[in-house]
Amino acid sequence: MNYNGEAVEQSSSLLQVFLLGGLRALFGGDIVVWGYVVGILAGAGSIWMVFLTAIELKPYPQRLKAIPWLVASCGSLIYWSFSGMETSLQALTLTGFAWGTLSYIQYRKLWPVLLFLPLFLLCRPENPFLAVVILGSSALLLRNSRRQMLYLTSLAVFLTGCIFLFRYLAFDRLFPLPVYAKAGSLGSERAYQGLRYLFIQLKAHPDLILFALATLAGTWSVIRRWKERPAHTFLVISMSAGILAIIFSGGDWMENGRFLVPWQLLGVLLLPESRTWRTFLVPVLVTVQIMGVIWTARHYSTGRPLWTAIPPAGQGLFTTTVQMRPIANDYPWFVRANRIHTRDLGVIEALGDLVEIGYQTNRLPLRVLSQQAGMVAYYTARDHFMKFRFIDLVGLTTTDFHNCSRTADRGHGAGGLNMDLEYLVTDQEELERICGFQMPDLIFDLDNESDDRQNTLDGYRVLYQERGYIDTGDSFLPGLEVSRFQFIARRDD
C-alpha cells in the first residue's frame, strides 16, 4: 500500500518491498535501516555472484583472479550499494540469473536458475520483458542449448503471468504506479533521451569511458566467435538487451549511472575476452576505477566522508522562519550521514507539527501535496498515519492526477507526470470542475534562491522555509552541491 494506506504499488521493486517488509516483521527496527542493510549485503553478494559466473566461463586462472578486483572497484556499484535503493539488489539478481542460466545450460543444474529467475523478475518492472527477450534470443542463436533456453523462456513467461495476476488482484494494475507516471511512447524522443543519458554518464565519469572501451573490445571478440562460445554469447545478448532497455526507456534522472550498474557487472565478465587483453591491464583498470571512486566522492556524492563530524540534530542545520521544536535525535545514522536526507529532517519535523495541529483542530485528515515522495512523506506517514492524505504531484505514489483527464495527458518524464506547482495553482478551477480535484491544505517542496515562492502560490501562505547549502565538512571532497531550499505553505482559507 502507499502512504495513505491505499492499494497502490508505489515502489518500483516488488522484491525489495517483500524483503524489507519481511525483515521489519521478523526483527522490528526502522525499515529505512533495513533498506541500507539489504543494499550493502546485495552489493557484496554481487561481487561473489560475478565471480561464480566467471567460473562458468572457464577462463584462464590469471583472468579469473582479476574478476573480483574489477567488480569491487566499480565506483557506481559502491555508491549505490550505500543508497538504500534497489540498485545493488538488481545487480545481485541479474548476475545470479546469469549464473543460474549458465549452470543449467552447461551442467544441467536447475536449482540456481529456479532460485534467481523469480527474484530477478520481481526486482524491477522491466525485468520480465528483459528475461523473456534474453532467453528467447538465446534460444534462437544458441542451437546446442535451444531446448534448455526454450524451457527457461516458457518458465519466465509463466512466472511473469503469475506476477501480473498478483499485481492485478492486489493493485488493479499490471505494473507499479511509477511505470504509468514515467512511461510514454517508445519513440525517437525517448530514445534520444536514453542516448543523452548514456552520454551524460560517460562525460561525468571519465573512468567509465576506458571501462566501456575495454568492454566493447571483449564483446567484439566474443561476437567474432559466437558459435564457439555460447556462454559468452549469452552474456553479450543480456548486456545488449539491458543497454537497449535503458536507451528506449529514456534513461534516469539520478546521478552516478544508477541504471548502468547491473549491466556494468556483466561487462566485467567480458573484459578478459578481448584479444588485446594483457595481465598488466588489471591493475591499470582497478587503479582507474579507484580514481573514479575518488572523482565521484569529490564531485557527485550526496553523502559525507566518514572522518567528518555529522552535525548534531537540531544544532546549526537549519534556518527557519517559524518557531519549531528541536529536531529529534532518533533518526538512523544512515539518514543523518546523507546530506539530502539531512536537508529533509527540518521539513519532516515542521510538517509533522502542522499535520498534528490541523488534525486536532478539524478531526479530518489534511490534504498534503508535494512532488517529493521520499523521506519526508515516509516519516510523516509513519508518525501521523491517517491524519493526512498525501497527494503526489508527479503521480509516483498516488493516482489523483492519473485519473484526471486534464492532467493525465500532460506528458511523462524520467521523474513522473509532467506537473508543476505553478500549473496546479493557475489551473485549479479547471481541475476542480473537470476532475473534482480539491486543492491541498498544505504544500511542501524544494525551492530555489529567488525567494519569490510566496508570489507564485496564490491562495497560500508560506509558513516554513529553509535557505543555504549543506556541505560535507571536507574541502577536498565537497561532493554534489546539496541545497536546503525548501518550504511549507498553508492554504489561506
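In this chain, residues are counted from 1 in sequence order.
Taking the centre of each ring, Y300 and Y79 stay at or above the 6.0 Å mark. Checked against the 6.0 Å centroid threshold, Y331 and H341 do not count as a close aromatic pair. Aromatic ring centres of Y36 and F334: separated by under 6.0 Å.
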Next item on the list: Begin from the C-alpha positions of D344 and Q486 and carry the test side chain to side chain contact (heavy atoms under 4.5 Å, CB included) through to its verdict.
Entry: CA-CA 9 Å; D344 291 339; Q486 296 191 94; 3.3 Å; yes
Check: Going through the checks in order, is the side chain to side chain contact (heavy atoms under 4.5 Å, CB included) test met by V482 and D471?
Finding: CA-CA 7 Å; V482 175; D471 60 36; over 6 Å; no
Check: When you look at V8 and F171, which way does the side chain to side chain contact (heavy atoms under 4.5 Å, CB included) test go after all the steps?
Finding: CA-CA 6 Å; V8 173; F171 308 112; 5.7 Å; no
Next item on the list: Take E56 and Y107 through the test side chain to side chain contact (heavy atoms under 4.5 Å, CB included) and record every step on the way to the result.
Entry: CA-CA 10 Å; E56 301 295 334; Y107 305 112; 2.7 Å; yes
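T101 has its side chain within reach of L135: a pair of non-hydrogen atoms, C-beta onward, lies under 4.5 Å apart. Under the 4.5 Å side-chain criterion, counting only non-hydrogen atoms from C-beta, V261 is not in contact with C74. P305 has its side chain within reach of T472: a pair of non-hydrogen atoms, C-beta onward, lies under 4.5 Å apart. Put simply, the side chain of M291 does not reach to within 4.5 Å of the side chain of W295, judged on heavy atoms. The shortest distance between side-chain heavy atoms of Q264 and L208 falls below 4.5 Å. No side-chain heavy atom of T93 sits under 4.5 Å from any side-chain heavy atom of L117. Residues H299 and N256 have side chains not in contact (no heavy-atom distance under 4.5 Å, counting atoms from C-beta outward). Contact annotation: the side chain of W99 approaches that of P112 to within less than 4.5 Å [non-hydrogen atoms, C-beta and beyond].
Put simply, CG on L260 and CD on Q201 are 6.0 Å apart, with the number rounded to the nearest 0.5 Å. Residue L421 holds its CG atom at 7.5 Å from OG of S370, rounded to the nearest 0.5 Å. Expressed to the nearest 0.5 Å, how far CG of L89 lies from CG of L122 amounts to 10.0 Å. To the nearest 0.5 angstrom, R190 atom CZ is 10.5 Å from K182 atom NZ. The structure places CD of Q289 at 10.5 Å from OG1 of T296, a figure rounded to the nearest 0.5 Å. In this structure, CD1 on I246 lies 11.0 Å from CG on L195, to the nearest 0.5 angstrom.
Remark: W80 pairs with no residue by the ring pair (Phe, Tyr, Trp, His ring centres under 6.0 Å) rule, at least two apart or across chains. With sequence neighbours left out, H232 forms a ring pair (Phe, Tyr, Trp, His ring centres under 6.0 Å) with no residue at all. Qualifying ring pair (Phe, Tyr, Trp, His ring centres under 6.0 Å) partners for W333, counting only residues two or more places apart in sequence or in other chains: none. In terms of the ring pair (Phe, Tyr, Trp, His ring centres under 6.0 Å) criterion, Y197 has no residue partners (sequence neighbours excluded).
The local environment of CZ in F164 is crowded, with over 12 non-hydrogen atoms from other residues, nucleotides or ligands closer than 6.0 Å. The 12-atom threshold is not exceeded at CZ of F158, counting heavy atoms of other residues, nucleotides or ligands nearer than 6.0 Å. For M254, the CE atom counts as densely surrounded, since its 6.0 Å shell holds more than 12 non-hydrogen atoms of other residues, nucleotides or ligands. With a 6.0 Å radius and a threshold of 12 heavy atoms from other residues, nucleotides or ligands, R143 has its CZ atom at or below the threshold. Annotation for R196: atom CZ does not count as buried by contact number, only 12 or fewer foreign heavy atoms lying within 6.0 Å.
Pairing each heavy atom of L177 with each of T397, the nearest pair is CD2-C, 3.6 Å. Of all heavy-atom pairs between A245 and L130, the closest is CB-CD2, 3.8 Å. Taking every heavy atom of both residues into account, I67 and V268 meet most closely at CD1-O, 3.8 Å. Of all non-hydrogen atoms in V293 and S73, the two that sit nearest each other are CG2-O, 4.0 Å. Taking both residues in full, the closest heavy atoms of Q371 and V394 are given as OE1-CG1, 3.6 Å, listed atom of the first, atom of the second, then distance. For the pair P230 and L142, the tightest heavy-atom approach, listed with the atom from each and the gap, is O-CD1, 3.7 Å.
In terms of modelled atom types and a separation under 3.5 Å, the side chain of W34 and the main chain of G28 share a donor-acceptor contact. Proximity of a side-chain donor or acceptor of R258 to a complementary backbone N or O of E255 within less than 3.5 Å is not detected. Side-chain N or O atoms of R24 include one that pairs as donor or acceptor with a backbone N or O of G29 at under 3.5 Å. In this structure, the side chain of R304 does not engage the main chain of N338 through any donor-acceptor pair within 3.5 Å. The backbone N or O of L92 lies less than 3.5 Å from a partner atom in the side chain of T95, making a donor-acceptor pair. At least one donor-acceptor pair closer than 3.5 Å links the side chain of S88 to the backbone N or O of G39. In this structure a side-chain-to-backbone donor-acceptor pair under 3.5 Å is present from T233 to W226. Side-chain N or O atoms of R339 include one that pairs as donor or acceptor with a backbone N or O of L480 at under 3.5 Å. For R146 (side chain) and A139 (main-chain N/O), a donor-acceptor pair under 3.5 Å exists by modelled atom type. Side chain of N2 to main chain of Q10: no donor-acceptor pair is present (N/O by atom type, distance under 3.5 Å, no hydrogens or angles).
Judged by distance alone, the side chains of Y379 and D30 do bring a donor and an acceptor atom under 3.5 Å apart. There is a side-chain donor-acceptor pair under 3.5 Å between N127 and Q90. Residues D392 and T398 bring no donor and acceptor atom of their side chains to less than 3.5 Å of each other.
F129 and F175 have parallel rings, their planes meeting at less than 30° on a 0 to 90° scale where 60° marks the start of perpendicular. Between H402 and Y180, the two ring planes are perpendicular [angle over 60°; tilted spans 30° to 60°].
Sorted by first and then second residue, the side chain to side chain donor-acceptor pair (under 3.5 Å) pairs involving residues 148-173 (not counting sequence neighbours) are E9-R167. The salt bridge (charged side-chain N to carboxylate O under 4.0 Å, His left out) pairs that include a residue from residues 110-132 are E86-R124, R124-E126, where partners are two or more places apart or lie in different chains.
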